[in-house]
Amino acid sequence: MRVEVFVTPKRGVLDPQGRAVEHSLLSLGFKQARNVRVGKYILLEVDAGSAAEARRIVQHMCERLLANTVIEDYRLEVEGE
Amino acid sequence: MKWGVVTFPGSLDDRDVVWALADVMGQNVVSLWHKDERLHGAECVILPGGFSYGDYLRCGALARFSPIMNSVARLAEDGGIVVGICNGFQVLCEARLLPGALTRNRSLSFICDQVTLRVENPSTRFTCLMNRGDLLRLPIKHGEGLYVAPEDELPQLEERGQVLLRYVSSAGEATEEANPNGSLNAIAAVANETFNVFGLMPHPEHAVEAGLGGTDGLRLFNSLLRGV
Amino acid sequence: MAERALRLAGEPEVTPALAQEHGLTVDEYAMIEHWLGRAPTFTELGVFSVMWSEHCSYKSSRRYLKLLPSRGAGVATASGENAGAVAIGDGYLAVFKIESHNHPSYVEPYQGAATGVGGIIRDVLAMGARPVASLNSLRFGTLDYPRMTYLVHGVVGGIGGYGNCVGVPTVGGEVGFHPAYNKNILVNAFCLGLAREGELASAAAWVVGAPVIYVGSATGRDGIHGASLLASAEFDAGSESKRPTVQVGDPFAEKLLIEASLEALKTGAVAALQDMGAAGLTSSSSEMAGRSGLGVELDLDRVPLREPGLSPYEILLSESQERMLFVAYPGRENELLTVFEKWDVNACIVGRITNEARWRARWAGKLVADIPIRALTIDAPSYDRPAKSPVPKCAAEGQWCEGGAARARSANDERQSSARSEAPPLAAEPCDCAPSLGQEARLTGAPSQRRPSPAEALRALLDSPNVGSKRWVYRQYDHLVQSNTVMGPGGDAAVLRIKGLKRGLALTVDSNPLACAADPYIGAVSTVCEAARNIACVGARPLGISDCLNYGNPERPEIMWQFVCGVEGIRDAALALGIPVVSGNVSFYNETEGQAIAPTPTIAIVGLLDDVSKRISSFFKFADDVIALVKCGTLSLAASEYELLFGREQIAGGCDKLAPIELGLQKALLEAMAQAAERGLLNSAHDVSSGGLAVALAEACFGGETLMGAEVTIRRLDGLDLERSLFAEGTSLVVLSFPSSHRIDVEGIFARRGLPFEVVGRVSAAPRLKIGTMIDEDCRALLAVYERALPGRLGENG
C-alpha cells in the first residue's frame, strides 16, 4: 500500500531553508509569498491489510525514525483512505 | 579512566578523538564498533563527529538505532559519562539522551572556523576545571549546528544550568555576529538533567596541541578526568 | 573453432555512421575492423569509443607527455600508475595526483565538482595510500556573467559536500575569475595520500587466473559516456541536454570504500586494484590486465546493478561512482570479501585474469566482446596533430614558431640535451629562433582610463575577486579532520604534519592563465616557478609535480601549439628546478562555440620539511621585525592583475611579452629559502603574485590572528616607475620578515647565491600600511575590502 509522508518543521521552530526560499521568492517579485516552510517528502510502500493498518504502521515509523518530533511535524496520506 | 570512542559508518573524527586522548593525553582508549554492543569497560564514551550513515535522513537519525547505542543509553542511565561531539551531539539529541535538536545553519552552508565560547556553567564534570565566563577557542565544522529546543523547554534548560557553552565574540559578548550558525540563545553545548551526558558542536579534539589550533580542548577533556 | 562475439537481439547494427556518432573517425573505425578482423558488435563499439576517446587514450597528448621529466630522486612509480609516489624518508611515500573535472562541473556544478573530488581520492586510494589532504584549483568566468554565481555556489558546495563527508581535509587551493572561462569553467581536484614504502599497491594484474572483484556501489545508468565523451568534445548548445549523463556522488559510500579498501590491502591478498573512473569497468579492467600483458574475462551477469535491465553496453560504460576493481591472489579472495562485508560494502567476483591478452565480456551466457587488449591500451591511436602559432607577424620577428618553442636558455642546455636524448624527438620541430627569454617586458597601459592613485589601485586590487580573500570559499571546507593541518588555507602553501614523524609536507596548486594567454611557454614556466616558490615560502623543498593541462580543441593547430609550448615550459622549468613530474592529467576540448579557454596548465607541487616545526607562515608576526625583499626575476606589468583591472585585456592572445624568467635564480631562491627556514631565521615569507608587491605587503599585515602594520620604502624596480613597481608581477619577488638580529645571516644566505636582497622597512604593531609617500592606509579598512571582495559579489554576508 502506498503511503506518502510529509515532514515539515514544527510551527515556531526556526527554519533557515524556508526563510531563504521566502527571501528569494520575494526578491524575484513574488510578493504574495508568506510563511514558507521547507520539509521532506517520503514515499513508501507498506505491506498492510488495510489503509488503517498502513496508517498505524507508518505513524509508528514516523515517531521512531522518519520525523524528529522535537522539531518536526508529519502528515500522512494513505492510498485508499 | 577508560575511554571508548565509537566508530559509526561515516564517522570522520573518530581517529582524531583517539589521537587526542591516547597519543596526546596518554589515556587508555578503546575503539568501539557500531555493530558491537560491548563497551569493553569504557567508563566515558565519546560519539565523534562525522556523517554517521551518511546523515541522509537527518543528522544522527540512523546512528541512534545501531547496536552500540543500546549500551551507550544504558551507560548513561547508570550514571556513566557520554559525550557527543558535533555529529555525536546530533546522535544524542536524536536518541533523546539530550534535549533539543540540531538543524541547518542559518547561512545554509557548512562552516569550518575558529569560534570563541564562554563557559556558562563550570560546576559540571565536563567544565569543572574552568570558571564561569572563561573563554575557549575551539574550531567548529558543521552544516547543521543550529541548536533548537521547544520554546517552553529553553528557559528551563537555562535555569537548570544545562547550557554549558555559548558562542560569544572575542570580547566575551553574546552578539549576533558571534553566533556562527544561528543557534537559539547562542547555545554551543548542553548537558542532560543529570549532568552525565554532554553534547557540543565545537571540536575539542582538534584543539589539543599548540601547533594545531591551540590547547583549549584539553581543558574540557581534563575536566572529565578530574570530575571522575 | 574459437567462439565469436555476438550481436544481441535489439541492439542496433553497427555502421560507420553509428561509429561516428560515438565520436570515432572513419579511419578509427577502419582500425577497429582491422583489429577485430570483422565489424564490431554494438558492445564492442561502445568499448572502443570510450577507450579511444581523448579522455582515456590521451591520443593527442601522449607523445608530448613523454617529454616531461618523470624520474628523479625518490620517485617510486613509473608512469601509467593511478598516481605518482615520492619517498619522503622514514619509510613513507607521498602519493599524489591532480585531475580535471571541468566538463561535468559546467553541466551540473554540484555533482560535477563532488565526483571530481571523489574520483581523485580513489586514484590515490588505488595506490594503497590513505588520502590525507585535498586541494583544488577553480577557474570561473566573471561573476556578472549569467549563471556564474550559480556555478560558483554549486562547485564550492559540491567540493565541500563531498570532501567534508568523506573525511579528507580540503587544506587549500586557488580560485580565479576571468571572462575566458565564462562558458567553460575549470575544476581541477588534487589529492595527497600517505603510504608506507614497500606497501604501494599496483595497478597491474600479473597473476593468471586471479579473480577480479567488483567492489562498491551498484552500477546504474548514470554517467554513460560521461567523463569520457563529455571531456572529449567541445561544448555546444546541446551540452545542457547531456545533464543526465553526469554522475551523482555518494561520499558516505566513498568513506566506507576508503576504510574497507585500506583494510583489504592489509591482508596482503590484493594483487592489483584500480578505481572505476571514466569508462568504468571497461577501462579499469582493460588497463589492469593490459599493463601486465595479460587478458581478462568478465562475467557481466555478476555485476551488481542498481536497476534491472541494463544492457552489457550500459554495464561496461557506466560511470557510476564509488566503485573499485580489485584483483586478488588466487585462493585468497575470501579474505577480501570478509573485509568488505564488515564495512557493508558490496563485493563480488566478476571475472578472471587470463593469459590470452584479450579483453572479453560475457553476458547471459554469450560472448559480447572479444578484443585484443593492446588495441584498447598501448596500441590505442596516438596522433601527431599539427601545431602552429596563431600570430604569424610575430613569427616573422622570430618570436613564435611552429610547433615547439624550446626557449630555455644556456644554463640548462646540458640538462636539456640529456633529457632530449632520453625522449623521442618532437614531432613538431623545435625552433632555435628563441630570444623571448631575453626580451624586456612590453608594458601596456590603460589608455582609456585615468591612472589610479596608488591607494586607489591597492584598494581596487584587494577588492578584485582574483586577489581578494577566498575565505568565503574555504570556510565551507573542513580543513581540520585527520588532525594534521598545521597550516590550512589562506597562506602560500598548506602544511601537514605526519603523526609520529618530525617531517611535514607542504602542498600547493597554482595556475596563471593571464601569463599563459600572453605566452603559453613562459606562462607554463612561470606557473611551475610560482608553485615551487609557494612551497619554498613555507620552508619546504619541492619533491614532485602533478600537472593538469587544460586546453581547448587539440584539432585546432593554434591550440595544439599552446599545448606543446605548455608542456615544453613545464619540462624546462621542472628540469631546471630539479622537480620530477610524477603524475598528471590532460583536459582538452575546453571550449564552447569555438571559443577556447586561456591555456591553463595547473601545477600542484608537494614539498618536504625535514622539521615541520620550522615552517614559515606568510604573515607578519612581531612588531619591529625587519622587512626585506628578495628578487629572483624581472618585474613586469604584462599579464598582471593591475593590467587586467586598469589596462586593456591581455587574454585575447598576441605577442605581449612577459618578463624573462631566470631559472637559475629561481633554483637559487628555492635553496636559499629552505636553508633560511631550516636555520630558523625567518618569521614570515610571502611570495609576490597576483596584485604585486603592495598587495603582498597588505596580505602579510592581515594574514594572522592579530592585525599588524608595515612601514616600507621602496625604490624603482626594473625600469618601472615607482608607482608601478608596487603592482608589477612576474616570478620575481618574495617578502620576508625576521628579527633584526638575523639580518646579517639572512642577507648572507641570499647574497651568496646571487639573489638581490634589500631591507625595505619594518613591521609595526599599529595596523597601518605605509609605503613611501604613496600609500598610508589603515589595515582594518584594507582588510574589510579584502574580505568583502568575494561574498560582496555573491550576495552573501560573508
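Letters go in sequence order (proteins before strands), and every chain restarts at 1.
- Side-chain atoms of B:Asp113 and C:Tyr474 form no donor-acceptor pair, as typed in the model, at a separation below 3.5 Å.
- The shortest non-hydrogen separation linking C:Glu341 to B:Lys35 is O-NZ, 3.6 Å.
- The shortest side-chain heavy-atom distance between C:Trp343 and B:Pro9 does not fall under the 4.5 Å cut-off.
- Atoms CG and CG, on B:Leu12 and C:Asp478 in that order, are 7.5 Å from each other to the nearest 0.5 Å.
- Within the model, atoms CD of B:Glu205 and OG of C:Ser483 stand 6.5 Å from one another, a figure rounded to the nearest 0.5 Å.
- Residues B:Gly211 and C:Arg615 come closest through the heavy atom pair O-NH2, 3.7 Å.
- Summarising the geometry of B:Gly54 relative to C:Phe252, their closest heavy-atom pair is N-CD1, 3.1 Å, with the distance given to 0.1 Å.
- Residues from residues 132-144 of chain B that place a non-hydrogen atom less than 4.5 Å from a non-hydrogen atom of chain C comprise B:Arg137, B:Pro139, B:Lys141, given in numerical order.
- For a residue to count as touching a neighbouring chain, one of its non-hydrogen atoms must lie under 4.5 Å from one of that chain's; by this rule C:Val166 touches chain B with the backbone only.
- The contact between B:Ser11 and chain C is made entirely by backbone atoms, counting heavy-atom distances below 4.5 Å.
- Taking SG of B:Cys112 as the start and CD of C:Gln476 as the end, the distance is 11.0 Å to the nearest 0.5 Å.
- Atom CZ of C:Arg780 has 12 or fewer neighbouring heavy atoms from other residues, nucleotides or ligands inside a 6.0 Å radius.
- Among B:Asp13, B:Ile111, B:Asn87, the residue making the largest number of heavy-atom pairs under 4.5 Å with chain C is B:Ile111.
- Only the side chain of C:Leu256 has a heavy atom closer than 4.5 Å to any heavy atom of chain B.
- Interatomic distance, CH2 of B:Trp33 versus NZ of C:Lys342, reported as 5.0 Å (0.5 Å rounding).
- Within 6.0 Å of NZ in B:Lys2 there are more than 12 heavy atoms belonging to other residues, nucleotides or ligands.
- Expressed to the nearest 0.5 Å, how far OG of B:Ser107 lies from CH2 of C:Trp472 amounts to 10.0 Å.
- Judged by distance alone, with hydrogens and angles left aside, the side-chain atoms of C:Lys499 form no donor-acceptor pair with the main-chain N or O of B:Trp19 at under 3.5 Å.
- The heavy-atom pair separating C:Val481 from B:His206 by the smallest distance is CA-CE1, 3.8 Å.
- In terms of heavy-atom pairs under 4.5 Å with chain B, the best-connected choice from C:Val156, C:Val168, C:Asp250, C:Thr485 is C:Asp250.
- From C:Asn484, atom CG reaches atom CG of B:Leu212 across 7.5 Å, with rounding to the nearest 0.5 Å.
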